[in-house]
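Proteins get letters first, then strands, A, B, ... in listed order; numbering begins at 1 in each.
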Number of protein chains: 2
Amino acid sequence: MRSDRHPRAAPVTGAGPGSVRPGGRTARVRDAVREATLAELSEHGYRELTVEGVAARSGVHRTTVYRRWGGADGLIADALARAAAEPWPVPDTGTLAGDLRALARLVLTGLTDPAQGPLTRAFVLAAAHSPAAARALHDFYARRHEQAAAAVERAAARGEVPAGTDPAEVVRAAVAPLYHRAFITGEPVDEAAADRAAAAACAAARAGILTAPPPQAGAPGGAGGRAADPPRSERRS
Amino acid sequence: MRSDRHPRAAPVTGAGPGSVRPGGRTARVRDAVREATLAELSEHGYRELTVEGVAARSGVHRTTVYRRWGGADGLIADALARAAAEPWPVPDTGTLAGDLRALARLVLTGLTDPAQGPLTRAFVLAAAHSPAAARALHDFYARRHEQAAAAVERAAARGEVPAGTDPAEVVRAAVAPLYHRAFITGEPVDEAAADRAAAAACAAARAGILTAPPPQAGAPGGAGGRAADPPRSERRS
DNA sequence: GCGTTAACGCAACGAGTGTTGCTTTAGGAT
DNA sequence: ATCCTAAAGCAACACTCGTTGCGTTAACGC
């Protein structure tokens, strides 16, 4: 057990700019902790991210970290929320194939880069553990898919893919195999894999497979929708 | 920290049939612990899987579990190895599209079924934590892809897909979006998603995108291959 | 400047996890 | 039936994590 049973939810977690006393020391502490969190995460990964370690590195007392962030998961959720705010350099190469390939390589970098890889990994693991991190990660990818959708929409405008193609679905198809390799099967994640996934997504989109699901007309045999996902793991207490 | 720094690696972990003293009590203890592990995993998930819980449920002493399995991760690795040994009912519907759809629905069930879902989830999380579990999960999916490859090979024999199509890659494309939804973005995993992923994989395979990578002819700009994957997380000690 | 009070630092506690040395049990061989 | 020894049980320990009550610091308003 890492940070279960927290009686009082961390106040505002991030102690954002709307806080009661945003000035001087508070801000200094917040920045120090945030920086230390990223550093620890990059160096040791999620498993070894400990409140004590972050506190020691940042020069802030353990208690303060627990009170403001509520534990290790809160630290990661905060880091994730900040990461989601940063814009994503969605490529524009002129063709859907080119855009998807560049997109897949962007993801590839995010998974294999010595600096970003551990962070990505840590975020995913944290999401599987804490509902707060899960929400943050969901929002993070929602924003990214939203930005990447532009590439598909351009392709649709050019007539490269049929109207009604679901941008998010295309993006997912292009990047999912990479995550699958990295997190599920533990297979190598390399440029060849990225390029093939992008090309496959492009072909499927072109074939008109990746259209938006019918808005209301429920799929006959379909389950009611989500089955066991967003509130990731449950607690007993 | 869950089960780090184990001075001596657990002897043979599973105490397989080749053990020194496979008879009576030892076997009884092993089965009781294994059963308890699966039950605890299904009920509480990976996060709440504690050696103490398994010991209590199985009626075996904590110390015994620690000595034979080395901790919670070892329990999961053992469970995974056993799961990998079980055959997978790969469908044979007569068409690649049908086979892939059935395959994707199989995976869908594995992710959303109240009994299997928590197990799948637990396995993936464990793999991200412990190298032993990572290896076990890798082998698990290697076996499954191996079995599923038959469906693609049948399709190739029928001429549905070009020769040289990589079966594992087709299977991956068909199921990856589901895992992606479940573990990465936290989006709903339903039959519509499964069917679309299968159809997309089928279309890509038909288009000749998912061919086996050139055996030796290194992809020019390609990285040396694997980058930061199989030995999942490192320890400091 | 000066007072108020939110936020931080400190020390100690409680709980749970993993470890270790020793004793006891029972499988397998003589 | 008896002995030998691998494996399981037992008790106590050490360590880390998260929590709590209280004293101290320093932003912010006047």
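A salt bridge is absent between A:R143 and A:E146; no separation between the charged side-chain nitrogens and carboxylate oxygens falls under 4.0 Å.
One cannot find a donor-acceptor pair under 3.5 Å joining the base of D:dC17 and the side-chain atoms of A:T50. Not a single donor-acceptor pair, N or O on each side, falls under 3.5 Å between the base of D:dG9 and the side chain of B:R62. Interface remark: the B:R67 side chain does form a donor-acceptor pair with the D:dG9 base, using a distance-only criterion of under 3.5 Å.
With C:dT19, C:dA7, C:dC22 as the choices, the nucleotide that has an atom nearest any side-chain atom of A:T26 turns out to be C:dA7. Side-chain atoms of B:R68 lie closest to D:dA7 of the nucleotides C:dG27, C:dG9, D:dA7.
For the pair A:D73 CG and D:dC17 C1', the computed distance is 13 Å after rounding to whole Å. Taking atom CH2 of residue A:W69 and atom C1' of nucleotide D:dT19, one finds them 18 Å apart after rounding to whole Å. Remark: P of C:dC10 and OH of A:Y66 are 16 Å apart, rounded to the nearest angstrom. Distance CG (B:L49) to C1' (C:dG16): 15 Å, rounded to an integer number of Å.
By the 4.5 Å heavy-atom criterion applied to side chains, A:E43 and A:E48 are not counted as neighbours. Residues B:E187 and A:Y141 are not in side-chain contact: their nearest non-hydrogen atoms beyond the backbone lie 4.5 Å or more apart.
Within 6.0 Å of CD in B:E35 there are 12 or fewer heavy atoms belonging to other residues, nucleotides or ligands.
OP1 or OP2 of D:dA8 has not a single side-chain nitrogen or oxygen of B:H61 nearer than 4.0 Å.
Two residues, A:E52 and A:T63, neighbour DNA chain D, and the one matched to the more 5' nucleotide by heavy-atom proximity is A:E52.
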